[in-house]
Participant: 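Pasting a structure below so you can have a look.
Counting begins at 1 with the first residue of the sequence.
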Amino acid sequence: MGFAETFKALSDPARREILLMLREGKMSAGDIASHFDMTGATVSYHLSVLKKADLVYETKQKNFVFYELNTSVFEEIMLWFAQFKGENSDENK
């Protein structure tokens with residue numbers, strides 16, 4: 001995972017909305033698309049960007065493609081952000 005791809009993926013509101021939807025569990029591409037007023041190709045593009053950033057997993061079951069969150073990437077991002085927080089903010093005041 002590269003942070004450039006991750007932050008590019010997170011920069012778009014539609015992709016952030018997809019990630020919020022996937023908090024509830026895996027969803028098919030069709031179910032995801034039904035929540036948006038955009039073409040299937042556009043939703044597919046957004047899902048592709050999220051996959052490239054490793055933010056989502058794709059699994060195929062029969063004729064359906066399902067997406068789910070890759071929580072390990074979110075944990076890595078949170079650890080990266082945590083380094084900017086002081087060890088003990090009360091002592092630094």
Side-chain angles (χ1 to χ4, degrees):
M1 179 216 40
F3 282 125
E5 290 88 9
T6 302
F7 289 120
K8 175 187 176 188
L10 294 173
S11 70
D12 186 273
R15 292 192 286 267
R16 291 193 304 268
E17 181 65 27
I18 291 170
L19 292 171
L20 289 173
M21 290 167 40
L22 291 174
R23 284 186 315 176
E24 304 300 320
K26 69 180 175 179
M27 296 178 69
S28 72
D31 287 340
I32 294 168
S34 71
H35 287 83
F36 295 96
D37 185 26
M38 58 180 78
T39 67
T42 302
V43 172
S44 180
Y45 168 76
H46 287 303
L47 290 168
S48 175
V49 171
L50 291 169
K51 283 188 330 188
K52 184 177 178 183
D54 290 329
L55 291 168
V56 297
Y57 292 118
E58 174 187 88
T59 56
K60 296 179 182 177
Q61 296 176 356
K62 297 185 181 182
N63 294 333
F64 297 95
V65 178
F66 290 90
Y67 295 88
E68 59 187 307
L69 289 178
N70 179 2
T71 55
S72 64
V73 173
F74 288 98
E75 290 168 1
E76 187 175 340
I77 293 168
M78 290 169 49
L79 286 172
W80 184 78
F81 275 121
Q83 72 184 341
F84 297 102
K85 181 181 174 190
E87 294 263 340
N88 187 343
S89 58
D90 290 338
E91 289 180 13
N92 295 331
K93 290 182 181 181

Participant: State yes or no: do F81 and F74 share one hydrophobic cluster built from I, L, V, M, F, W and Y residues joined by side-chain heavy-atom distances below 4.5 Å, directly or via other members?
Facilitator: yes
Participant: Which distance, rounded to the nearest 0.5 Å, do you find between the NE2 of H46 and the CD1 of I18?
Facilitator: 6.5 Å
Participant: Measure the CD-CG distance between E76 and D54 for me, rounded to the nearest 0.5 Å.
Facilitator: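 Rounded to the nearest 0.5 Å, the CD-CG separation comes to 9.5 Å.
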Participant: Calculate, to the nearest 0.5 Å, the distance between atoms CG and CG belonging to N70 and L22 respectively.
Facilitator: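 Rounded to the nearest 0.5 Å, the CG-CG separation comes to 11.5 Å.
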Participant: In chain order, what residues pass the side-chain hydrogen bond (donor to acceptor under 3.5 Å, both in side chains) check against E17, with sequence neighbours excluded?
Facilitator: none
Participant: Are any side-chain N or O atoms of R15 and backbone N or O atoms of L10, one a donor and one an acceptor, separated by less than 3.5 Å?
Facilitator: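 Not confirmed, R15 side chain does not pair with L10 backbone.
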Participant: Which heavy atom of L50 sits nearest to which heavy atom of A9, and what is that distance?
Facilitator: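 Heavy-atom minimum between the residues: CD2-CB, 4.1 Å.
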Participant: How long is the gap from CG on L47 to CD1 on I32, to the nearest 0.5 Å?
Facilitator: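 L47 CG to I32 CD1: 5.0 Å, rounded to 0.5 Å.
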Participant: To the nearest 0.5 angstrom, please state how far the OG1 atom of T71 sits from the CD1 atom of I77.
Facilitator: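 With rounding to 0.5 Å, OG1 (T71) is 11.0 Å from CD1 (I77).
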Participant: List the residues meeting salt bridge (charged side-chain N to carboxylate O under 4.0 Å, His left out) with E68, not counting sequence neighbours, and say none if there are none.
Facilitator: none
Participant: Which residues satisfy the salt bridge (charged side-chain N to carboxylate O under 4.0 Å, His left out) test with K52, sequence neighbours excluded?
Facilitator: none
Participant: Taking atom CZ of F7 as the centre, report whether more than 12 heavy atoms of other residues, nucleotides or ligands fall under 6.0 Å from it.
Facilitator: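 Yes, CZ of F7 has more than 12 neighbouring heavy atoms, counting only those of other groups under 6.0 Å.
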Participant: Provide the full list of side-chain hydrogen bond (donor to acceptor under 3.5 Å, both in side chains) pairs with a residue in residues 19-33, sequence neighbours left out, each pair given once.
Facilitator: S28-D31
Participant: Just do the side-chain contact (heavy atoms from CB on, under 4.5 Å) check on Y45 and M38 with the steps written out, would you?
Facilitator: CA-CA 11 Å; Y45 168 76; M38 58 180 78; over 6 Å; no
Participant: Do L19 and Y67 share a hydrophobic cluster, counting only Ile, Leu, Val, Met, Phe, Trp and Tyr and linking them when any side-chain heavy atoms are less than 4.5 Å apart?
Facilitator: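 Yes, L19 connects to Y67 through the hydrophobic network.
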Participant: Grouping I, L, V, M, F, W and Y whenever their side-chain heavy atoms are under 4.5 Å apart, do Y57 and M21 come out in a common cluster?
Facilitator: no
Participant: Using side-chain contact (heavy atoms from CB on, under 4.5 Å) as the criterion, list what pairs up with S34, not counting sequence neighbours.
Facilitator: none
Participant: With clusters defined by side-chain heavy atoms of hydrophobic residues (ILVMFWY) lying less than 4.5 Å apart, directly or transitively, does F66 cluster with F36?
Facilitator: no
Participant: Between L69 and F3, is there a shared hydrophobic cluster once you connect ILVMFWY residues whose side-chain heavy atoms come closer than 4.5 Å?
Facilitator: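 Yes: a chain of side-chain contacts under 4.5 Å links L69 to F3.
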Participant: Please list, chain by chain and in numerical order, all residues satisfying ring pair (Phe, Tyr, Trp, His ring centres under 6.0 Å) with F84, sequence neighbours excluded.
Facilitator: W80
Participant: Going from NZ on K51 to OG on S44, what distance comes out if it is rounded to the nearest 0.5 angstrom?
Facilitator: 7.0 Å
